[in-house]
Amino acid sequence: MLQSAISLTPLHYIYLIGVICILFVMILRKDTPIVCIAFLFLLGMVGTSSMIGGIQTIFKAILYAGIQFMEIIATIALVTAFSKCLMDLGSDKLLMTPMAKIMKTPSITWWILGISMLICSLFLWPSPSVALLGTIMLPFAVKAGLKPLAAAMAINLFGHGIGLSYDFVIQGAPAISASSAGITTGELLTVGRPLFIVMGITTVLSAFLLNRKQFTTMTSTVSARSSHTIAQAQKQQYSKTALILAIITPIAFILDICFMLLFDLKGGDATSIVAGTAVLLMCFGAVISFKKQSLEKVTEYVTDGFLFAIKIFAPVIIIGAFFFLGGEGVTSILGEQYQSGILNDWAIWLANNTPLNKYITAFIQLVIGALTGLDGSGFSGLPLTGSLAQTFGSAVNGSVPILAALGQIGAVFVGGGTVVPWGIIPVAAICNVDPLELARKNIVPVCIGFGFTFVTACILI
């Protein structure tokens with residue numbers, strides 16, 4: 001049962017104005033942390049009735065968000081550190097080169113490149129995977145007749161789309177959404193699985209069918225460059241360490257998956273075994289390759305990994321600090337006098353005063369997720385969509401995991417590197433294509449995927 005009456009206070013109106021301002025700034029393609037900090041101060045000052053309280057609220061909220069995200073930050077940092085070790089030793093090229101033997105036609109190559117990107121993204125995350133596959137597999141793909149633009153689409157949609165949104169191995173995006181929605185990561189991934197599958201299949205199938213006739217066009221310059229790159233790769237000699245690490249890496253991660261299934265490891269337990277395996281493999285590679293210098297190399301890898309993770313998550317922590325006030329975080333941030341999140345109150349008020357139903361909330365989740373993705377990160381809106389899933393799910397008696405998954409899909413597919421031009425620059429640069437053209441190619445398949453996913457959500461909610 002919904003509460004029959006909700007008393008809206010100045011705190012509620014300030015928070016609502018803050019959400020609108022943040023979304024507006026995102027639409028303008030500007031960064032939002034300063035807006036979040038300003039509203040944290042205002043909310044703290046009003047909520048505690050003191051200016052000192054407003055100042056303290058900024059730090060308390062950021063600290064709370066940092067604690068919530070720390071597991072994800074550490075996981076991504078350690079996995080990225082391992083990927084840098086692979087690149088240093090040359091094991092990354094050994095892992096990818098065998099793929100070239102089965103790249104016979106542009107169509108087959110498109111699917112191989114996409115699926116390889118998906119697998120790599122699940123274990124190494126999309127950002128390092130782009131550099132890994134773009135520099136190694138792209139020349140082979142172009143040699144097989146695949147256009148660089150088509151290759152960039154495969155990398156985007158499979159990696160930054162499916163891999164980053166579903167992410168059932170590292171569980172970066174799902175962990176943020178789940179923590180904001182007050183559910184476990186396992187619930188989100190299990191209950192929301194049909195949505196992720198429908199979005200992934202319909203998006204990549206429509207992209208393939210709409211563009212398959214254009215796969216075979218390539219320029220002689222690109223062909224000559226790729227032939228030269230392939231010849232260099234074939235002549236390169238690899239150390240025994242690189243070969244050993246290239247062999248044991250897939251074996252180790254396959255064993256991790258077996259352990260997850262055998263011992264029913266989910267959520268943080270599943271993430272920890274992947275991150276721990278990556279760290280052990282990194283140390284093993286550094287020790288047998290660099291000997292006495294391994295102490296410094298491991299420190300270098302870990303430092304680079306954490307710098308990469310913090311660079312990605314620094315703005316997410318600030319934005320999350322604001323949006324956690326909308327849910328259960330309000331008690332830890334503003335004090336025991338606040339037992340109900342601000343967004344919770346607004347959702348209950350809307351449910352009592354507007355014709356809100358499950359299908360409208362599903363549509364709202366998808367739209368807001370997409371809007372928050374306009375900043376090009378894909379992660380900054382997840383605290384909002386997660387909080388909304390919890391509040392609207394309770395208000396209309398809908399499935400919180402379904403709503404959270406729907407908002408996550410909208411945020412990640414738009415902002416994670418498939419639609420907005422300012423979010424796909426790394427892929428465009430590696431594939432040497434125009435980011436605006438790549439965004440235009442991606443937007444129709446992604447919108448088709450959104451349509452099918454929304455219908456699926458309406459059935460399941």
Side-chain angles (χ1 to χ4, degrees), residues 87 92-93 95-121 124-164 200 203-234 236 376 413-414 416-446 449:
M87 292 179 187
D92 54 348
K93 294 183 180 180
L95 284 167
M96 295 296 110
T97 301
M99 287 291 185
K101 297 179 180 179
I102 55 175
M103 291 181 175
K104 301 300 183 183
T105 67
S107 295
I108 292 176
T109 299
W110 193 84
W111 287 103
I112 291 174
L113 182 61
I115 294 171
S116 298
M117 179 63 186
L118 174 58
I119 294 172
C120 243
S121 297
L124 299 178
W125 236 45
S127 297
S129 298
V130 168
L132 186 67
L133 294 180
T135 55
I136 299 168
M137 291 188 70
L138 183 63
F140 295 101
V142 175
K143 177 67 175 177
L146 188 66
K147 285 182 64 176
L149 183 59
M153 288 181 66
I155 291 173
N156 270 165
L157 298 178
F158 279 91
H160 292 84
I162 302 174
L164 194 59
T203 300
V204 297
L205 273 180
S206 58
F208 177 76
L209 295 174
L210 289 170
N211 296 279
R212 68 187 187 281
K213 292 182 180 179
Q214 304 174 23
F215 283 177
T216 57
T217 305
M218 66 178 180
T219 64
S220 57
T221 302
V222 173
S223 179
R225 185 172 61 216
S226 63
S227 298
H228 177 66
T229 304
I230 293 169
Q232 284 184 323
Q234 291 173 340
Q236 186 172 347
F413 265 87
V414 171
T418 66
V419 172
V420 291
W422 49 95
I424 60 180
I425 291 175
V427 176
I430 285 177
C431 295
N432 195 26
V433 298
D434 181 3
L436 291 174
E437 181 63 21
L438 177 57
R440 283 193 289 268
K441 284 289 186 180
N442 284 341
I443 193 167
V444 174
V446 170

statement: For residues 427-436, the salt bridge (charged side-chain N to carboxylate O under 4.0 Å, His left out) pairs (sequence neighbours left out) are none
- prompt: side chain to side chain contact (heavy atoms under 4.5 Å, CB included) with Ile108: which residues, sequence neighbours excluded?
  reply: Thr105, Ile112
- line: Value for CG (Asn156) from CD1 (Ile162), rounded to nearest 0.5 Å, stands at 11.5 Å
- prompt: What's the shortest heavy-atom distance between Leu113 and Ala151, and which atoms?
  reply: CD2-CB, 3.5 Å
- request: Determine the minimum heavy-atom distance between Pro148 and Val142, stating which atoms define it.
  value: CG-CG2, 4.3 Å
- line: Correct closest heavy-atom pair for Pro126 and Ser121 would be CA-OG, 3.6 Å
- request: Report yes if the side chains of Val204 and Trp111 come closer than 4.5 Å at any heavy-atom pair, otherwise no.
  value: yes
message: Thr203: which residues meet the side chain to side chain contact (heavy atoms under 4.5 Å, CB included) condition with it, sequence neighbours left out?
response: Leu157, Met199, Phe413, Pro445, Val446
- request: Give the intermediate values and the outcome of side-chain contact (heavy atoms from CB on, under 4.5 Å) for residues Ile155 and Cys431.
  value: CA-CA 10 Å; Ile155 291 173; Cys431 295; 3.9 Å; yes
query: Do Lys147 and Pro106 have side chains that get closer than 4.5 Å, going by heavy atoms?
result: no
task: Spell out, as yes or no, whether a donor-acceptor pair under 3.5 Å connects the side chain of Trp110 to the backbone of Ala150.
output: yes
field: Within 6.0 angstrom of Leu209 CG, more than 12 heavy atoms from elsewhere
entry: yes
- line: When rounded to the nearest 0.5 Å, the distance separating CG of Asn442 from CE of Met153 is 5.0 Å
field: Residue list, side chain to side chain contact (heavy atoms under 4.5 Å, CB included) with Leu149, at least two apart or on another chain
entry: Val433, Glu437, Leu438, Lys441
message: Quick one, Phe208 with Ser107, criterion side-chain contact (heavy atoms from CB on, under 4.5 Å). Give me CA distance, side-chain angles, the key distance, then yes/no.
response: CA-CA 8 Å; Phe208 177 76; Ser107 295; 3.9 Å; yes
